[in-house]
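For ligands, and for the atoms within them, numbers begin at 1 and follow the listed sequence. Side chains included, hydrogens not; waters and symmetry mates left out as well; all remaining heavy atoms used.
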Amino acid sequence: MTRKGILATYEKFLPLTEKTPRLSLCEGDTPLLSLRHLGTELGIDLLAKYDGLNPTGSFKDRGMVLAVAKALEEGARAIVCASTGNTSASAAAYGAAAGIPCFVLLPAGQVAAGKLAQALLYGARVLAVRGNFDRALELARLAAGEREMALVNSLNPYRLFGQRSGAWEICDELCSPPDWLILPVGNAGNISAYCAGFEFYREIGRIDKLPRLFGVQADGAAPLVRGFEIDTPETLATAIRIGRPVSADKARRAVEVTKGQFLSVTDDEILDAQRALASGEGVFAEPASCAPLAALRKLKAQGKLPEGIRVVMVLTGNGLKDPDAVIHRIPLPEEIDGTWEALSAALEL
Ligand code: AN7
């Protein structure tokens, strides 16, 4: 099957009219990889939904394509968002594709280099706000209210609607839902969208049960695990450095109706998981995306991971987005003289 993009593939399931522009950068239809080595280690059937292979390198494209198409349909003069990075890259790209100006508000100094480069190069007007993501989002909401701009954060219902496609693709490919679906949680939109996607498929009879949904946060930014908002969230997984998730209620409901759970892991556990995923399976995901693997390893160590279940882990963002998170923590390449003798000595297996 050729890639057609989310709007064409799921036309019937999305709130499209004949006036909605069929925008596409060929997002979605990402691979569902079997992670055999890590799966064996954990004693489960482990699959990864490799959403870092989307056009801008993250799952955000699934919802952004619909949000921007709807903004065009509704005559918005510009789009605006706040972002820890990936939303801004996606908004900027789809804004460019749609020919509509894009404003992005980033927490100053807290966005991974790849994401910042994307937003700038795709031609967005990028503003670095002195403050954290939660403050930037308040300002973006104000901007949308004060100007004729469409807010394309996940408060925009079309974003979450488009992100349901992740759940649909998994069910379409497996012909049944997995036992568990585990994903990182920041602003809590994606876990809510997955839940809605699975519930919709159950409603129309494509599946007969919901997977248990597990949302993973970083210890320093874990409002949903702790049960209260965090004023100064801290984690090196900057994508999920969020203290006041706007979709907290929806996410709590998602975990409740599917009998799932919120979990948290330390930054060190995230980095260990990132390395295990890369060196064990050949898959490079950004730190936030590795929080679920870290959580699975932790559950295994605690004897709380059921044997033999099928688990889909959503790899939400590409590792290339944020090389700085790892480059200072791994040994640098060994330097050798440009001679055969030096090389020969280094080629010991
Ligand atoms: C790689 O880009 O919030 O719980 O502004 O980039 O739906 O927020 C990114 C979030 C997980 C969390 N993984 O998803 C933004 C932003 C990656 C992310 C999340 C994000 P939500």
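When the options Thr316, Asp322, Asn318 are ranked by their closest heavy atom to atom 11 (C) of ligand 1, first place goes to Thr316.
The contact set between ligand 1 and Val185, taken as ligand atoms under 4.0 Å from a residue heavy atom, comprises 4 (O). Near Gly189, with a cut-off below 4.0 Å to any heavy atom, the atoms of ligand 1 are 4 (O), 7 (O), 21 (P). Every atom of ligand 1 is numbered from 1 in the order shown, and the set under 4.0 Å from a heavy atom of Asn86 is 1 (C), 2 (O), 6 (O), 17 (C), 18 (C). Close approach to Ile240 involves these atoms of ligand 1, each under 4.0 Å from a residue heavy atom: 11 (C), 12 (C), 19 (C). Near Asn187, meaning under 4.0 Å from one of its heavy atoms, ligand 1 places the atoms 4 (O), 8 (O), 21 (P). Of all atoms in ligand 1, numbered sequentially from 1 with element shown, those under 4.0 Å from a heavy atom of Asn190 are 7 (O), 21 (P). If you number the atoms of ligand 1 from 1 as listed, the ones under 4.0 Å from a heavy atom of Ser83 come out as 2 (O), 5 (O), 15 (C).
Looking at atom 5 (O) of ligand 1, its nearest protein heavy atom turns out to be Thr84 N, 2.8 Å. In terms of protein heavy atoms, atom 18 (C) of ligand 1 is closest to Ala239 CB, 3.5 Å. Among protein heavy atoms, atom 20 (C) of ligand 1 sits closest to Phe59 CE2, 3.8 Å. For atom 2 (O) of ligand 1, the closest non-hydrogen atom on the protein side is Thr87 N, 2.7 Å. Looking only at protein heavy atoms, the nearest one to atom 12 (C) of ligand 1 is Gly186 N, 3.4 Å.
The hydrophobic clustering, which links ILVMFWY residues whose side-chain heavy atoms are closer than 4.5 Å, places Leu315 and Phe284 apart. Both Leu66 and Ile79 sit in one connected hydrophobic cluster of ILVMFWY residues. Membership requires side-chain heavy atoms under 4.5 Å apart, directly or through other members. The hydrophobic cluster containing Leu38 also contains Val216, counting ILVMFWY residues as joined when their side-chain heavy atoms lie under 4.5 angstrom apart, directly or transitively. With hydrophobic clusters built from ILVMFWY side chains whose heavy atoms lie under 4.5 angstrom apart, Val255 shares a cluster with Val225.
For an aromatic pair to be called close, the ring centres must be under 6.0 Å apart, and Phe198 with Trp168 fails this.
The shell of residues lying under 4.0 angstrom from ligand 1, judged by heavy atoms, includes Ala188. Look at Lys60 and you'll find a heavy atom under 4.0 Å from some atom of ligand 1. Put simply, part of Ile242 is less than 4.0 Å from ligand 1, judged by heavy atoms. Under a 4.0 angstrom heavy-atom cut-off, Pro184 registers as being in contact with ligand 1.
Here Met149 sits in one hydrophobic cluster together with Val80, Phe103, Leu105, Leu127, Val129, Phe133, Leu137, Leu139, Leu142, Leu151, Leu155, Ile242, Val246; the rule is ILVMFWY side chains under 4.5 Å apart, joined directly or through other members.
Here the CZ atom belonging to Arg253 is positioned 10.5 Å from the CG atom belonging to Leu213, to the nearest 0.5 angstrom.
By the ring-ring contact (aromatic ring centres under 6.0 Å, His included) test, Tyr158 is found to be paired with no residue, residues two or more places apart in sequence or in another chain being considered.
Lys60 and Asp51 are not joined by a salt bridge, as no carboxylate oxygen comes within less than 4.0 angstrom of a charged side-chain nitrogen. Between Arg164 and Glu169 there is no salt bridge, since none of the side-chain N atoms of the basic residue sits less than 4.0 Å from a carboxylate O of the acidic one.
Shown here for Ala89 and Gln118, the closest heavy-atom pair between the two residues is CB-OE1, 3.3 Å.
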